[in-house]
Amino acid sequence: MSEPSNVYALVDCNSFYASCERVFRPDLAKVPIVVLSNNDGCVIARSSDAKPFVKMGEPYFQIKERLKQHGILAFSSNYALYGDMSQRVMAVIEGLVPAVEVYSIDEAFADLTGMAPPFEPLGQQIRSRVQLYTGLPVGVGIAGTRTLAKLANHAAKRWQRQTGGVVDITDSVRRDKLLKACEVSDVWGVGRRMTEHLIRMGIKTAWDLAQADPWTLRKRFSVVVEKTARELRGTPCLEFEEMTVAKQEICCSRMFGHRLKNIEPIREAVATYTARACERLRAQGSLCKKVRVSIRTGMYNSDEPKLATSRVCQLPYPTDDTRLITKVAMAGLEEVFSPGYAFSKAEVLLLELCQRGEFTDDMFTGAQTATSEKVMQVFDSINAKWGKGTVRPCGVPVAPEWGMRRELMSPGYTTRLDQLWRVK
DNA sequence: TCTGGGGTCCTAGGACCC
DNA sequence: TCTGGGGTCCTAGGACCC
């Protein structure tokens, strides 16, 4: 132990989407709420007082009655609001610790290596400052590896009252106590399938997994499980990534508001999703070499014919030009579409992304022109200044007839001037 | 009528090369 | 009697995460 030991904190917002809705509706502090997926499909977030009555992922149309019975309020998801609140939370955390890795919309790892213990007061400070500045409750888990910090965070949420929302297991006695108290399925990286396998091997608790032989786990399953076990023993195996790394693929897919049988509206949808994906491609400064177009019918309705097809299309050269990628995607759609089906969803996936200068120009097929780059820059800067969709390809409708249902949407409290709070 | 969206990493197996 | 072996690259599919 001559090396300075690592210390990580995981900060995680409690019931993030539901909490965001509550921040701007203090009248709902005591009202249980759920947030629905796009298209008002199923439940993706629940306030703690709604959890006993609603499962994660339950279809909204099946539970409407139950919600009413228990006085639970439903919201459509308002990603503009959640994204904005997320940035505020991250900014607060960044102001209190040396380095932050934003892990998801509602979670961040902080690297506390080199800071002096005790860490619990820092955890409490993060908690109270996020609460004060954003109105959102968070939990903090602190430990020597990221997997252990996740588990500590899990404990902070589960025993919120006893722990005050902060759990520090940098001490090995406390760490082992927690490992013994947690089931193996509570461990980050152990999903449903792996839980089944492990239980069959007699590995039931997080402690059992920490004690298992890493080499056996590697041979039997994979290096992923091996790393998880080593992390539980306190050996860091996962890298901390403070920098946001460029995505290797970019996907835009949505269910339609209702089933589509003709190709015309599906063309609009594919054009819309392609444009969105290309914006994200340019935002990270990449080019793409292939685009995949997929369409599918509903999966659950037993009496209608099912179909899910996709086509990977090669682009003539690496590009980020919405016009070219759309053209190729449209040709792909013509190939995968067939009449006689009721399609419910389309997806556009940009593949084989590369950074500029990372590929060799082909003498015969050429490369993206400077004009093309300039056009896209102007395109993006106009939309940045005047709002999304100010300039768009002509195949992209403003208010599509096939757009998603969002009947229970809250206002854009922090992102729309016309929807700000009015204080009387 | 109505069941999300966006990713990552790993492995196995085939093709191909020397 | 005898039927190599090692390496790389690619793709599809599984598992997991939030």
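Order of the sequence lines sets the chain letters (A, B, ...), proteins ahead of strands, with each chain counted from 1.
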Whole-Å gap separating [atom2] ([N]) and [atom1] ([X]):
X: R280(A); N: dG5(B); atom1: CZ; atom2: P; value: 12 Å
X: I250(A); N: dG5(B); atom1: CD1; atom2: P; value: 18 Å
X: E352(A); N: dC10(C); atom1: CD; atom2: P; value: 8 Å
X: R406(A); N: dG5(B); atom1: CZ; atom2: C1'; value: 13 Å
X: E226(A); N: dT11(B); atom1: CD; atom2: P; value: 10 Å
X: K219(A); N: dT11(B); atom1: NZ; atom2: C1'; value: 17 Å
X: L351(A); N: dT11(C); atom1: CG; atom2: P; value: 10 Å
X: R292(A); N: dG5(B); atom1: CZ; atom2: P; value: 15 Å

Does a side-chain N-to-carboxylate-O contact under 4.0 Å join [X] and [Y]?
X: K150(A); Y: E107(A); value: yes
X: R230(A); Y: E226(A); value: yes
X: R88(A); Y: D84(A); value: yes

Considering all heavy atoms of both residues, which atom of [X] and which atom of [Y] are nearest to each other, and what is their separation?
X: C313(A); Y: V328(A); answer: CB-CG1, 3.4 Å
X: L350(A); Y: C278(A); answer: CD1-N, 4.1 Å
X: G389(A); Y: R392(A); answer: O-NH1, 3.1 Å
X: L10(A); Y: A108(A); answer: CD1-O, 3.4 Å
X: T163(A); Y: A156(A); answer: OG1-O, 3.4 Å

Next on the checklist: Using atom C1' in both nucleotides, what's the gap between dC17(B) and dG4(C) to the nearest angstrom?
Outcome noted: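 Here dC17(B) and dG4(C) have their C1' atoms 14 Å from each other.
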Checklist entry - Around atom CZ of R416(A), are there more than 12 heavy atoms of other residues, nucleotides or ligands at under 6.0 Å? => result no
Checklist entry - Can you tell me if OH on Y79(A) sees more than 12 non-hydrogen neighbours from other groups inside 6.0 Å? => result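 More than 12 within 6.0 Å, yes.
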Residues within [range] bordering DNA chain B, heavy-atom distance below 4.0 Å:
range: residues 34-43 of chain A; value: S37(A), N38(A), G41(A)
range: residues 57-91 of chain A; value: P59(A), F61(A), Q62(A)
range: residues 200-216 of chain A; value: none
range: residues 230-249 of chain A; value: K247(A), Q248(A), E249(A)

Next on the checklist: If the cut-off is 4.0 Å, is R259(A) near the phosphate of dC2(B), judged by side-chain N/O to OP1 or OP2?
Outcome noted: yes
Item to check | salt bridge (Lys or Arg N to Asp or Glu O under 4.0 Å) assessment of E279(A) paired with K388(A) | outcome: CA-CA 10 Å; E279(A) 281 169 13; K388(A) 272 184 190 165; 5.8 Å; no
Checklist entry - Hey, what's the ring geometry for F343(A) with F337(A), parallel, tilted or perpendicular (30° and 60° as the breaks)? => result tilted
Checklist entry - Where does the angle between the aromatic ring planes of Y8(A) and F240(A) fall among parallel (under 30°), tilted (30 to 60°) and perpendicular (over 60°)? => result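 Answer is parallel, since the angle falls under 30°.
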Checklist entry - Contact class for K290(A) (heavy atom, under 4.0 Å): base, sugar-phosphate, or nothing? => result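 Sugar-phosphate, backbone atoms only, no base.
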Looking at residues at least two apart in the chain, or sitting in another chain, which of them share a ring-ring contact (aromatic ring centres under 6.0 Å, His included) with [X]?
X: H70(A); result: F53(A)
X: W188(A); result: Y103(A), F109(A)
X: F75(A); result: none
X: F221(A); result: H197(A)

Item to check | Dot-bracket notation for DNA chain C, counting Watson-Crick and G-U pairs under 3.5 Å, with | for partners on another strand | outcome: ....||||||||||||||
For nucleotides 6-8 of chain C, give me every protein contact, N/O to N/O, under 3.5 Å, one pair per line with atom names.
none

Checklist entry - Does the side chain of S372(A) reach to within under 4.5 Å of the side chain of R323(A), using non-hydrogen atoms? => result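 Contact flag for S372(A)/R323(A) side chains = yes.
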Checklist entry - Just wondering, do R233(A) and P214(A) contact through their side chains at under 4.5 Å, heavy atoms? => result yes
Checklist entry - Nearest nucleotide by nearest heavy atom, which residue falls closer to the 5' end of DNA chain B, M404(A) or V224(A)? => result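 Nearer the 5' end of the strand: M404(A).
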Checklist entry - When you check every protein heavy atom under 4.0 Å of nucleotides 13-18 of chain C, what one-letter string (B, S, -) results, 5' to 3'? => result --SSSS
Checklist entry - Taking only residues two or more places apart in sequence or in another chain, which ones pass side-chain contact (heavy atoms from CB on, under 4.5 Å) with E334(A)? => result I263(A), R267(A)
Item to check | Working for side-chain contact (heavy atoms from CB on, under 4.5 Å), residues M56(A) and R46(A) | outcome: CA-CA 8 Å; M56(A) 207 57 170; R46(A) 309 158 293 164; 3.9 Å; yes
